[in-house]
Amino acid sequence: MPAQRIILWRHGRTAWNVDGRLQGQTDIELDPVGHWQARTAAAMLASEQRPTLVISSDLQRALATAREYSAIGGALPVADPALRERSFGQWEGLDRDTIKNQWPHEYAQWHSGNDANGIPPGGETRATCAHRLTTAITYHADGLSDNQSLLVVSHGAAITLALTALLGNDPTNWRGISGLHNAHWSIIDRARPGTHPHW
């Protein structure tokens, strides 16, 4: 039987988080506060959980966060590009006001959650991102035994979409989960055999 618990942990703060700029798959490092957040959160996480396997987005803000846990918890992170943030295409690096001014129609659709068809321009749909994340997470979780747990270090939108899908909801139009703050985590446990959803 595969892993019984998954911990999904968002990376610490970056300068672009402070500026309100969409990061997406742009490789931004943690700022000094982000390093402190990751170190502090890692200590708390390690006091409560001892995951067998740590997997992380290969973007440096996530990997640096994962390494803070490894310095305490011992499990070295495995970098997996499939755990990257949702791609925001042409909007990466821009703040909401800039996006709203340059793409008013597309921004209105995105803001309302109706962004299934090519919004943001050149970006990734919610469904595609959710499928990418859940495929990777399931693969790693299924490689563990039933008394083991998996720590996934990723990004705000990606984690929200993955959680939505893992809990049996449609990531394209279900909005029941809000994003995690920097360096916060969510825990899901496997459901009883034969039940749906599996988590």
Side-chain angles (χ1 to χ4, degrees), residues 3 5-19 21-42 45-46 49 51-89 91-93 120 122-144 149-167 171 177-188 199:
R5 172 164 288 180
I6 297 174
I7 306 146
L8 297 116
W9 187 23
R10 186 184 178 196
H11 63 79
R13 194 182 82 171
T14 71
W16 281 20
N17 287 141
V18 176
D19 294 341
R21 296 162 71 183
L22 279 179
Q23 295 178 113
Q25 296 187 3
T26 305
D27 200 5
I28 305 300
E29 64 184 356
L30 298 178
D31 69 8
V33 169
H35 282 287
W36 173 82
Q37 288 176 329
R39 190 168 48 253
T40 303
L45 181 59
Q49 305 289 329
T52 307
L53 177 62
V54 179
I55 59 173
S56 173
S57 159
D58 63 341
L59 299 178
Q60 60 182 321
R61 60 192 184 268
L63 265 178
T65 301
R67 288 181 180 131
E68 292 291 352
Y69 176 83
S70 296
I72 300 167
L76 295 175
V78 175
D80 187 341
L83 301 175
R84 288 183 180 184
E85 177 61 293
R86 179 184 178 191
S87 170
F88 291 106
W91 293 356
E92 291 188 13
E124 187 176 28
T125 66
R126 292 174 189 268
T128 301
C129 180
H131 182 264
R132 172 168 55 82
L133 266 287
T134 56
T135 299
I137 291 168
T138 301
Y139 169 80
H140 290 288
D142 287 352
L144 300 177
S149 60
L150 174 66
L151 174 59
V152 178
V153 186
S154 188
H155 309 267
I159 289 174
T160 298
L161 293 168
L163 275 171
T164 298
L166 288 167
L167 295 175
I177 298 175
S178 61
L180 293 171
H181 294 292
N182 290 112
H184 285 67
W185 63 85
S186 286
I187 297 173
I188 56 174
W199 297 95

Assess the residue pair L180 and S186 against the criterion (side chain to side chain contact (heavy atoms under 4.5 Å, CB included)); give the C-alpha distance rounded to whole Å, side-chain angles, the decisive distance to 0.1 Å, and a yes or no. CA-CA 8 Å; L180 293 171; S186 286; 3.5 Å; yes
Before you tell me yes or no, could you show the steps for L59 and H11 under side chain to side chain contact (heavy atoms under 4.5 Å, CB included), namely the whole-Å CA-CA distance, both residues' side-chain angles and the distance that decides it to 0.1 Å? CA-CA 10 Å; L59 299 178; H11 63 79; over 6 Å; no
How many angstroms lie between CG in L133 and OG in S154, if you round to the nearest 0.5 Å? 5.0 Å
For the pair T65 (side chain) and G12 (backbone), establish whether a donor and an acceptor sit closer than 3.5 Å, ignoring hydrogens and angles. yes
Heavy-atom closest pair (W9 atom, A41 atom, distance to 0.1 Å) is CZ2-CB, 3.8 Å
Assess the residue pair R86 and E124 against the criterion (side chain to side chain contact (heavy atoms under 4.5 Å, CB included)); give the C-alpha distance rounded to whole Å, side-chain angles, the decisive distance to 0.1 Å, and a yes or no. CA-CA 6 Å; R86 179 184 178 191; E124 187 176 28; 4.0 Å; yes
Point-to-point distance, once rounded to the nearest 0.5 Å, from CG of N17 to CG of L22: 10.5 Å
Looking at S149 and I6, would you say the former's side chain and the latter's main chain have a donor-acceptor pair under 3.5 Å? no
Which atom pair, heavy atoms only, marks the closest approach of A38 to A183? N-CB, 4.4 Å
Can you tell me how far CH2 of W199 sits from CD1 of I137, rounded to the nearest 0.5 angstrom? 9.5 Å
Would you tabulate the side-chain donor-acceptor contacts of residues 24-31 under 3.5 Å, counting partners in other chains and residues two or more places apart, or write 'none'?
unit_1: Q25; atom_1: NE2; unit_2: E85; atom_2: O; d: 3.0
unit_1: T26; atom_1: OG1; unit_2: Q23; atom_2: O; d: 3.3
unit_1: T26; atom_1: OG1; unit_2: E92; atom_2: OE1; d: 2.7
unit_1: D27; atom_1: OD1; unit_2: Q60; atom_2: N; d: 2.7
unit_1: D31; atom_1: OD1; unit_2: V33; atom_2: N; d: 3.1
unit_1: D31; atom_1: OD1; unit_2: G34; atom_2: N; d: 2.6
unit_1: D31; atom_1: OD2; unit_2: R13; atom_2: NE; d: 2.8
unit_1: D31; atom_1: OD2; unit_2: R13; atom_2: NH2; d: 3.0

Between R84 (side chain) and S57 (backbone), is there a donor-acceptor pair under 3.5 Å? no
Using 0.5 Å steps for rounding, measure from the NE2 atom of H140 to the CG atom of D80. 4.0 Å
